[in-house]
Amino acid sequence: MSELRNIVVLTGAGISAESGLATFRGPGGLWEGHRVEDVCTPEALARDPALVHRFYDLRREALERVEPNAAHEALARLDAEWPGELLIVTQNVDDLHERAGAKRLLHMHGELNSALCAACGERQAWRGSLPPGTDCDACGRSALRPDIVFFGEMPYEMEAIDRALARADLFVSIGTSGAVYPAAGFVRTARYHGADTLELNLEPSEGSVYFAESRMGPAGVLVPTWVDEVLAD
Ligand code: BV8
């Protein structure tokens, strides 16, 4: 660990589970009662914009009722105290990392508290309900949509992520099933570039075999322990 300088952390829905937010793979593969392909694809948005906008309105509202947990707070402490490079890449669209104080953070799948204009590509902060046909502040057209990366759409900041993975000495995956690409492939990219790899998850993910070390348990317990270890070195 002594030569450890550059860390990349990937987080998924599991890190927000103890805050009370649902993960994607609930009972029967339903997500808040919906099939993913009915609410998280461009086709679904075109077919039934009211359903998709409502789905994200409900999740944006749920965010107002929850708080960051000990895992978010531990990563924010790492962010504040780690002297080397750090990048927290979250697949989550909640703002719990920010609310815990994380700064060196990016949302590769978008954010609930943001709206994207399908006409001009501009983004604007958004709270509360976002009905279909809402006007864009930048171009005035009625084309605002949830600022979410749907299946089949290119995740955000992939160049920054790839640069960080190429420089990483340690890649840590927290609370993700390893079911969705390109995020699920980051561990292999990091290993290819010589990074050490650690998985902190409630159960083995689909990519567990690629991690040098896997620790099973709730993020609220595993992440503070791990951050203490890293900062003690
Ligand atoms: C793209 C939106 C290309 C935000 C999401 C075949 C092979 C490979 C790839 C593909 C393929 N067919 C299609 C693809 C591409 C596709 C994909 O990977 N499909 C999968 C299903 C095979 N990927 C895409 O489409 C991506 N885009 O590839 O673009 C492209 C190229 C050029 C030009 C244009 C396009 C886009 C993917 C993004 C989709 N959007 N979310 C939102 O609505 O929230 S994905 C969504 O699911 C999440 O964002 C996340 O990324 C993903 C997985 O969810 P997890 O976060 O892992 O959550 P999950 O519930 O699955 O797991 C939770 C884990 O936590 C579990 O392991 C559990 O044990 C653990 N846990 C639970 N509680 C705790 C805990 N751990 C610790 N403590 C706890 N307390």
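Start at 1 and go down the list; that is how both ligands and their atoms are numbered. Start at 1 with the first residue, then count along the sequence.
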Residues, nucleotides or ligands: over 12 heavy atoms within 6.0 Å of R104 CZ | yes

Contact region, R59 to ligand 1, non-hydrogen atoms below 4.0 Å, reads side chain

Heavy-atom contact under 4.0 Å between A179 and ligand 1?
-> yes

Polar contact flag, side-chain donor to acceptor under 3.5 angstrom, T11-T90 = yes

Using non-hydrogen atoms of the residue, decide whether A184 is closer than 4.0 angstrom to ligand 1.
-> no

Would F55 and H34 count as a close aromatic pair, with their ring centres under 6.0 Å?
-> yes

Answer yes or no: is there a side-chain heavy-atom contact under 4.5 Å between F186 and M108?
-> yes

Is it possible for you to check whether R35 lies under 6.0 Å from the centre of the six-membered ring of F151, through NZ or CZ, and within 45° of that ring's axis?
-> no

Taking N or O atoms only and a 3.5 Å limit, does V149 qualify as a polar contact for ligand 1?
-> yes

Could you tell me whether ligand 1 has any atom less than 4.0 Å away from a heavy atom of A183?
-> no

Without swapping roles, check the side chain of S19 against the backbone of E67 for a donor-acceptor pair under 3.5 Å.
-> yes

In ligand 1, which numbered atoms sit nearer than 4.0 Å to a non-hydrogen atom of A219?
-> 77 (C), 78 (N), 79 (C)

Find all atoms of ligand 1 within a distance of less than 4.0 Å from any non-hydrogen atom belonging to C40, and give their numbers and elements.
-> 2 (C), 40 (N)

Within 4.0 Å of some non-hydrogen atom of I148, the atoms of ligand 1 are 2 (C), 4 (C), 43 (O)

N/O separation below 3.5 Å, N92 to ligand 1 = no

Using a heavy-atom cut-off of under 4.0 Å, does the side chain or the backbone of Y56 touch ligand 1, or both, or neither?
-> side chain

For V180, the ligand 1 atoms whose distance to one of its heavy atoms is below 4.0 Å | 18 (O), 37 (C), 47 (O), 52 (C), 53 (C)

Closest candidate by heavy atom, reference atom 34 (C) of ligand 1, pool M154, M158, R215 = M154

Contact with ligand 1 for P218, non-hydrogen, under 4.0 angstrom | yes

